[in-house]
Amino acid sequence: MVATIGAATTSAASAKRVEERSTVVIRFAGDSGDGMQLTGTQFTNESALAGNDIATLPDFPAEIRAPIGTLAGVSGYQLNFSSGRVFTPGDDPDVLVAMNPAALRVNLADLVDNGILIVDTDAFTKANVRKAGYDSDPLEDPSLERVSVFKIALTKLTSQALKELGLPNKTVVRCRNFFALGLCSWLFTRPTEETLNWIAEKFKKAPQLVEANTLVFKAGWNYGETTEAFHSSYTVAPATGIEPGTYTNMIGNKALAYGLMAGAAKADKRLFLGTYPITPATDILHELASHKELGVITFQAEDEIAGVCSALGASFGGAIGVTTSSGPGIALKSEAIGLGVMVELPLVVVNVQRGGPSTGLPTKTEQADLLQALFGRNGESPVAVVAPCTPTDCFMAGYEAVATAIRYMTPVIVLSDGYLANGAEPWSIPKFAELPSIEAKFWTQSQGFHPYLRNEDTLARPWVVPGTPGFEHRIGGIEKDYASGNISYDADNHERMSRVRASKIERIAEDIPPARVEGSDTGEVLVIGWGSTYGAITEAVAQLNAEGIATGHLHFRWLNPFPRGVGSILKRFKHVVVPEMNLGQLIRLIRDRFLVDARPITKIQGQPFKVRELVEPIRALVEASK
């Protein structure tokens with residue numbers, strides 16, 4: 001799906017009053033089999049085609065198939081779409097679509113006062129109400145008086161729309177999410193032609209489903225137009241303040257896969273992915289596997305260790321070796337990553353973080369693998385670490401990881417997380433020719449060659465394809481002599497090689513932009529973040545500055561090494577605050593490196609920060625210091 005900002009398609013005008021809104025946050029919620037992710041994704045595509053800026057938060061249940069109607073099986077998808085810039089999926093929904101009582105129970109407290117609640121009344125049977133933990137029908141509860149409730153027999157209306165097709169009841173019920181999609185598309189005057197085309201393409205192998213989902217989608221739209229329940233619809237104008245161009249709706253995992261492929265293509269090398277499936281990183285494997293025509297090789301290994309070892313072997317053979325995983329898998333890969341440090345080969349390791357420890361919260365987001373990335377190997381084993389800050393920034397993080405791994409002949413860890421991996425936003429499609437160049441040349445001077453010669457600028461060793469005449473050599477996990485590359489147990493040599501490997505990582509700072517502050521350049525509070533906290537911090541800092549609290553925002557993309565100039569920035573602010581989705585990991589590094597009394601704001605609930613969760617404690621800190 002590609003759109004040109006400033007040229008949005010609109011649907012036929014409604015006969016009802018149309019109210020303009022600047023921003024709307026909508027959340028679709030239902031059982032894990034109700035198609036909420038599909039519904040939310042397509043509504044997002046409609047909003048992107050309408051020219052809105054968007055940010056999304058898919059929220060999956062951890063169970064593959066929890067019992068129907070239970071709280072554990074609730075799946076949600078939240079979208080913030082706006083005529084201005086947005087940086088988060090929104091704190092709380094203005095609209096909640098609840099397909100059953102469990103979805104209502106899990107999400108109702110988040111719905112704003114005077115918000116819109118749309119429910120499928122057919123799902124509120126006594127059995128479902130009881131499964132959700134209610135003693136009585138929640139739709140009759142006085143607490144709902146604070147919101148506008150639209151009780152709609154979605155299942156019955158879906159059945160009526162499909163009565164001529166003679167489909168099994170189970171199939172009919174599975175179509176009701178398209179009624180909700182059609183209704184919400186009408187409610188917010190979303191363009192629908194693309195959705196109808198998408199239905200035809202997605203279900204083309206089952207013509208009955210194409211017809212069924214099309215009928216139900218149109219029935220939902222027409223219900224909104226004809227029922228007296230809705231007196232008006234809403235519109236959100238195309239976004240302003242966004243550079244004109246060609247955009248596509250992009251999720252983080254896909255963007256990261258594209259970045260890896262673009263980096264390998266720019267370096268004119270084959271891309272090899274050796275990996276083992278794990279939530280929430282598996283979609284990178286799926287995406288790369290679909291691009292064999294670009295020379296991408298994907299290998300689903302028997303386990304995590306085999307995956308990383310195969311990638312390291314590919315790098316030894318002259319390709320760009322990549323391995324992907326999440327925290328538990330990175331733990332298994334740690335020895336082989338250490339081998340990559342010792343043999344000094346370009347290896348990209350992607351960690352899409354999730355809640356831990358152990359299996360933890362496999363479908364929920366967290367930022368708790370930073371210290372693992374930096375120190376989770378035996379010995380002095382430094383690697384470069386880069387953390388994308390938005391779903392589309394995953395593209396450049398992947399691209400830069402490839403470039404850095406090659407230039408410095410070192411493993412590079414990309415620290416994404418579940419929030420970025422599954423989240424979406426508009427992506428301005430870059431031109432390949434305009435991407436930074438990546439020089440990837442194999443060593444060609446045979447005279448005096450040994451495998452640990454050093455580039456004077458980067459300290460990188462030569463990259464040589466094994467078996468090349470005149471360049472026969474061996475590498476391995478045992479320490480090597482600095483001067484000859486032979487095995488060495490000499491104490492002074494080991495220290496020298498350890499310091500060289502550490503210094504090589506530090507020199508990467510010469511290639512990355514110096515630290516830069518957004519918001520106020522000096523003042524009361526400096527908020528330091530990394531990774532996916534970027535959006536919430538950006539909005540919080542803007543709100544605090546609007547209140548007259550001079551607040552700056554320093555965000556780290558590169559976590560090893562840190563960018564230059566951080567120390568001088570810290571001196572310009574009275575307070576330093578570090579929000580993280582862990583119990584305090586970056587803050588340890590800030591305190592240790594710069595000796596500042598930084599204050600933590602931590603959250604470890606499997607959910608990203610809401611803006612108010614940052615604004616309120618920072619405001620309280622400033623008030624307390626007066």
Side-chain angles (χ1 to χ4, degrees), residues 264 267-275 297 299 301-323 332-349 377-384 402 404-413 439-505 507:
D268 195 25
K269 295 289 182 286
R270 298 290 295 272
L271 180 69
F272 176 91
L273 174 69
T275 193
I297 301 171
F299 168 53
E302 64 268 30
D303 56 37
E304 296 279 7
I305 298 171
V308 64
C309 288
S310 67
L312 195 58
S315 294
F316 183 50
I320 307 300
V322 179
T323 191
L332 293 169
K333 296 178 190 288
S334 61
E335 184 180 1
I337 297 171
L339 176 61
V341 173
M342 181 62 87
V343 299
E344 300 185 50
L345 284 169
L347 174 69
V348 177
V349 180
R377 294 163 298 283
N378 63 297
E380 292 294 334
S381 185
V383 299
V402 171
T404 302
I406 293 172
R407 177 167 165 77
Y408 289 88
M409 291 293 285
T410 183
V412 178
I413 294 179
E439 186 175 328
K441 294 182 178 180
F442 297 129
W443 191 262
T444 58
Q445 296 176 339
S446 59
Q447 186 174 1
F449 167 77
H450 72 79
Y452 288 93
L453 291 170
R454 299 287 172 184
N455 179 292
E456 292 183 359
D457 295 327
T458 65
L459 298 179
R461 77 167 187 86
W463 194 7
V464 177
V465 176
T468 305
F471 295 94
E472 294 83 1
H473 66 284
R474 63 178 180 179
I475 57 175
I478 298 177
E479 187 64 276
K480 304 300 188 294
D481 181 68
Y482 182 88
S484 68
N486 295 327
I487 290 175
S488 172
Y489 295 98
D490 180 78
D492 290 337
N493 175 77
H494 175 55
E495 176 152 351
R496 183 180 188 183
M497 289 291 277
S498 297
R499 292 187 181 278
V500 165
R501 289 188 289 263
S503 181
K504 181 169 64 169
I505 299 302
R507 292 193 181 195

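Along the sequence shown, the residues carry numbers beginning at 1. Just so it is clear, the values below take in all heavy atoms, side chains as well, and ignore hydrogens, waters and symmetry mates.
- Qualifying side chain to side chain donor-acceptor pair (under 3.5 Å) partners for Ser334, counting only residues two or more places apart in sequence or in other chains: none.
- A heavy-atom distance below 4.5 Å is not found between the side chains of Phe442 and Thr468.
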Next item on the list: Decide side chain to side chain contact (heavy atoms under 4.5 Å, CB included) for Ile337 and Ser381; before the verdict, give the C-alpha distance in whole Å, the side-chain angles of both, and the deciding distance to 0.1 Å.
Entry: CA-CA 9 Å; Ile337 297 171; Ser381 185; 5.8 Å; no
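- Remark: Ala267 engages Lys269, Ile406, Ile438, Ala440 in a side chain to side chain contact (heavy atoms under 4.5 Å, CB included) (not counting sequence neighbours).
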Item checked: Audit row: Arg377, Val383, side chain to side chain contact (heavy atoms under 4.5 Å, CB included) steps and yes/no -> CA-CA 10 Å; Arg377 294 163 298 283; Val383 299; 3.5 Å; yes
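- Rounding to the nearest 0.5 Å gives a distance of 10.5 Å between OG1 of Thr323 and CZ of Phe299.
- Thr404 is linked by a side chain to side chain donor-acceptor pair (under 3.5 Å) to nothing, counting only residues two or more places apart in sequence or in another chain.
- Shown here are the side chain to side chain donor-acceptor pair (under 3.5 Å) partners of Ser484, two or more places apart in sequence or in another chain: Asp481, Asn486.
- Looking at residues two or more places apart in sequence or on another chain, you find a salt bridge (Lys or Arg N to Asp or Glu O under 4.0 Å) between Arg407 and Asp511.
- Applying the side chain to side chain contact (heavy atoms under 4.5 Å, CB included) criterion to Ile297, with sequence neighbours excluded, gives Arg270, Phe272.
- Of all the heavy atoms in Ser310 and Gly274, the pair that sits closest is OG-CA, 3.5 Å.
- Side-chain atoms of Lys441 and Trp463, non-hydrogen and from C-beta on, never get closer than 4.5 Å to each other.
- Within the 4.5 Å cutoff, no side-chain heavy atoms of Val402 are placed close to those of Val322.
- Between Pro382 and Thr410, the shortest heavy-atom contact is O-OG1, 4.4 Å.
- Applying the side chain to side chain contact (heavy atoms under 4.5 Å, CB included) rule to His473 yields the partners Phe316, Phe449, Pro451, Val464, Ile475; only residues at least two apart in sequence or on another chain are considered.
- Counting only distance, with no hydrogens or angles, the side chain of Trp443 and the backbone of Gln445 share a donor-acceptor pair below 3.5 Å.
- Of the N and O atoms on the side chains of Ser488 and Lys480, not one donor lies less than 3.5 Å from an acceptor on the other residue.
- Residues passing the salt bridge (Lys or Arg N to Asp or Glu O under 4.0 Å) test with Glu479 are Arg501, sequence neighbours excluded.
- Smallest separation of non-hydrogen atoms from Leu339 and Gly476: CD1-C, 4.0 Å.
- Distance alone, capped at 3.5 Å, is enough to place a donor-acceptor pair between the Arg461 side chain and the Val343 backbone.
- Distance alone, capped at 3.5 Å, is enough to place a donor-acceptor pair between the Ser315 side chain and the Gly321 backbone.
- In plain terms, the two heavy atoms of Ile320 and Ala264 that are nearest each other are CG1-CB, 4.1 Å.
- With sequence neighbours excluded, the residues forming a side chain to side chain contact (heavy atoms under 4.5 Å, CB included) with Ala306 are Ala301, Glu302, Asp303, listed by chain and number.
- Annotation: side chain of Ile487 is in contact with side chain of Arg474 (closest heavy-atom distance under 4.5 Å).
- Remark: Glu495 pairs with Arg499 by the salt bridge (Lys or Arg N to Asp or Glu O under 4.0 Å) rule, at least two apart or across chains.
- Other residues, nucleotides and ligands contribute more than 12 heavy atoms inside 6.0 Å of the NE2 atom of His450.
- Remark: Glu344 pairs with Arg454, Lys504 by the salt bridge (Lys or Arg N to Asp or Glu O under 4.0 Å) rule, at least two apart or across chains.
- The distance from atom CD1 of Ile305 to atom CG of Leu332, rounded to the nearest 0.5 Å, is 5.5 Å.
- To the nearest 0.5 angstrom, Arg496 atom CZ is 4.5 Å from Tyr482 atom OH.
- Applying the side chain to side chain donor-acceptor pair (under 3.5 Å) test to Arg507 and every residue at least two apart in sequence or in another chain returns nothing.
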